[in-house]
Amino acid sequence: MSPEPRPPTVRTDRGRGRTAGILALLVAAVALAATASVLVGARTLDPATVWQALTSGAGAEADTIVHEIRVPRTVLGLLAGIALGLGGTLMQGHTRNPLGDPSILGVTFGAALAVVAAIHFLGVTALHAQAWFAFAGAGAAVVFVHAVASVPGRGPTPLTLALAGTAVSWLAYSVTSGLVLLDQSTMESFRFWRVGSLVGRDPSIIGPMAVVVLIGAVLALANARALNALALGEDIARGLGFRVARARLVGMLAVTLLTGITVAACGPIAFVGLVVPHLARSLVGSDHRLLLPCSALMGAALLMVADVAGRFLAPPGELQVGVVLALIGVPFFIHVVRRRRLFAL
Amino acid sequence: MTPTFDRPVLHTRRAFTAGPVALRLRPRLIGTCTAAALVLVALVGLNLSLGTVVLSPATVWANVVGLTYDDHFTVWQVRMPRIVVGVLAGAALAAAGAITQTIMRNPLASPDLLGVTHGASAGVVAVLALGGSYGAVSGPLAQIGAPAVALLGGLAAGALCYGLAWRSGIDGFRLLLVGVGISTALMNVTIWMLTLGEVDDTGRAMVWIAGSLNMRSWTDALPVAVALVLLLPLALVAARTLDALSFGEDVTRALGVRLETARTAALVLAILLAAAGTSAAGPILFVSLAAPQIALRLASTPRPPVLLSALVGAGLVATADLIARTFFGSAQMPVGIVTGCLGALYLIHLLVRGNRKGQA
């Protein structure tokens, strides 16, 4: 880490101005990405047509494109990005581990296991049914992880939470792979589910998803002060008057809701939840009251930009957003890691 | 960062001194190592005797030492190469995991984060899954080439991680983040390539990336055996130096450890061990992460003990292969999937037991 002196942590007016500037910039980035996501694609629409389609109707073809493809996809990207950004920050805060990402709680692979079991044993192939199995699987995995990680009477510690989550994730992943390998038709259905994507999913999930993400976001922001205290260690947080076990429970609930619904709607999208908190921390520091909103915005912007880029990278088809994140997001992330000063957790 | 291996060790230890050499004796670690080695030998024996044809322990022993040649083919050509590859690969991966976790001071770290396993997977999947339909490499050639491709892919990705994390020295935290980035990228590319290929090739590729011992012969065992014999002693020495790292990087420097040299050496060792293990049997799932954590809890040491981790890793793979062969028939179930289940269940058991005692 470079030896330049830390900036003073006292918030001055100038610091506040900078923060407001960063937030405004992020909001603008999200708006820009959303606009681009509605406008461009295999058939680029001009803004006037889109406006017409949204308000009154601009001919059958444009209407279909806007209402059934572009808008659901954009909203999905926005919600998923917010959810993953918040979920990742919460997870890194609670485990105090830079490798913490939402999937560490077992959410992703719990969901994957539920989906595969549903395909294999019940023959569920409809996407909207798979989505709810995924959500249920995510929830069940978190409850199990929490039970394994808890020291009786005190709730989980960062270390046990991270290890228990990883162990449960691997258990679910192994069983999932085993089922898939034993049954080729399940494999055929599953290998497409597990590439995270914003298209080809059932748009009817957007309504419930918006509600769940809203609840999750409120819980996450309510967790911010407790997370700041927990960063000093559990004992100090307790001494400061925070109820540690309850704070952890609220955090876990928020992560489960946010990540569970995202996995259900889009399949597993790795990387956003892991990387966005690090990028946000290098911009605004480690105060969770600021970090959480920043991560949400940054997650949404990153996911939508990757989705838009994916529409052009592999003509005539598209590249799934998970792959684009890997190809474009990773070099960008490594560049940031190399150039900027990092805040260890 | 999680204060993982920083548990203070207060009681003094008996030391063995001979001239300038002083060795601390750790009775519990020695005892656990011996026990683990005995269990491993027993497991290998079981693996040799069980299967479609069940041989009695006496028959196995007679064939192993060359008293009879009745079941020579079954013991020496079918079962022995397979279990030897499994044990060696498990030991190599687990030792690499122990070193990685010590360097990064993070219990979630594994050679996966050095890019090695994902690099190997990406290379092999590119050959296996795309070989059929994209006409790059034909099927049989791809089968022979898989270990070599894995070795190259793993080493290349490891070198890439190390190179990108280097910025006038290696910072543990930066290396971790770069490794996460590279691994995620390679993993996503792998998953994407799996959607491109034919479903049969995808199946073969998925068996490989879970880690499998099917059709392994003596030629697969040789490279990883050489790697272990050469590298494991070096790793034991390097790990001793890294003991000081548990106090934090600044204190370590102040204690006079040449941190960069020691860490670079240990990292290179971890990358080589992981690449050798992966090329022999695929990235056997979870062994490199779970075995060190299990070993640490068995021996109550402050950091993952390298030798015990290697023994635990080998034992884990031996047990898993026994289950994979006897319960799922001869061909279908890759050993990695069973190690994933076994390792996870055992780690969960240890965590719950530890929590009851009020320790992590």
Side-chain angles (χ1 to χ4, degrees), chain A residues 1-2 95-101 104 147-152 154 156-160 162-164 166-175 177-178 180-182 184 187-188 191-192 194-196 270-271 274-275 278 319-320 322-323 325-327 329-331 333-334 337-338 342 344-345, chain B residues 1-4 106-109 113 164-165 167-168 171 173-174 176-178 180-182 184-189 191-192 194-195 199-200 202-203 206-207 209-210 285-286 289-290 293 328 332-334 336-348 351-352 354-356 358-360:
Chain A
M1 227 161 287
S2 60
T95 56
R96 289 172 73 195
N97 194 312
L99 299 182
D101 78 336
I104 263 188
V148 170
S150 289
V151 179
R154 293 188 69 187
T157 66
L159 176 64
T160 54
L163 275 175
T166 312
V168 171
S169 288
W170 278 101
L171 185 61
Y173 176 76
S174 304
V175 176
S177 309
V180 169
L181 283 173
L182 290 178
Q184 199 136 72
M187 151 112 75
E188 188 58 29
R191 66 177 173 150
F192 291 101
R194 75 168 187 176
V195 180
F271 194 68
L274 184 75
V275 161
H278 291 293
L319 220 50
Q320 292 92 339
V323 183
L325 283 171
L327 295 180
V330 168
F333 174 61
I334 288 174
V337 166
R338 283 177 56 79
L342 292 169
L345 284 166
Chain B
M1 187 103 44
T2 329
T4 320
N106 193 316
L108 301 185
L113 291 183
L164 284 174
R167 200 181 152 209
S168 59
D171 175 90
F173 189 56
R174 195 184 318 125
L176 193 97
L177 291 182
V178 169
V180 169
I182 302 267
T184 323
L186 289 169
M187 194 175 67
N188 274 296
V189 170
I191 292 176
W192 173 58
L194 285 176
T195 66
V199 76
D200 295 352
T202 311
M206 276 200 61
V207 168
I209 55 178
L285 295 178
F286 203 48
L289 199 153
Q293 288 298 312
F328 294 97
Q332 284 302 312
M333 187 58 64
I337 286 175
V338 188
T339 56
C341 293
L342 274 185
L345 286 174
Y346 195 50
L347 189 56
I348 288 171
L351 278 171
V352 170
N355 283 345
R356 292 233 181 83
Q359 66 184 39

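Numbers restart at 1 for each chain; the letters A, B, ... are given by sequence-line order, proteins then strands.
Interface remark: of the candidates B/V338, B/T184, B/L342, B/V189, B/T184 forms the most heavy-atom pairs closer than 4.5 Å to chain A. Interface remark: of the candidates B/V178, B/T339, B/L194, B/L164, B/L164 forms the most heavy-atom pairs closer than 4.5 Å to chain A. By number of non-hydrogen pairs under 4.5 angstrom with chain B, the leading residue of A/V175, A/L274, A/V323 is A/V323.
With a 4.5 Å cut-off on non-hydrogen atoms, A/L325 does not touch chain B at all. Contact of A/V148 with chain B is made through backbone and side chain together, with heavy-atom distances under 4.5 Å.
Note: B/F286 CZ to A/L171 CG = 8.5 Å, rounded to the nearest 0.5 Å. In this structure, CG on A/L163 lies 6.0 Å from CG on B/L347, to the nearest 0.5 angstrom. Rounded to the nearest 0.5 angstrom, B/I348 CD1 and A/W170 CH2 are separated by 13.5 Å.
Between A/T166 and B/L289, some side-chain heavy-atom pair lies under the 4.5 Å cut-off.
When all heavy atoms of A/S174 and B/G340 are compared, the pair lying nearest together is OG-CA, 3.1 Å. A/G178 and B/I337 get closest at one heavy-atom pair: N-CD1, 3.5 Å.
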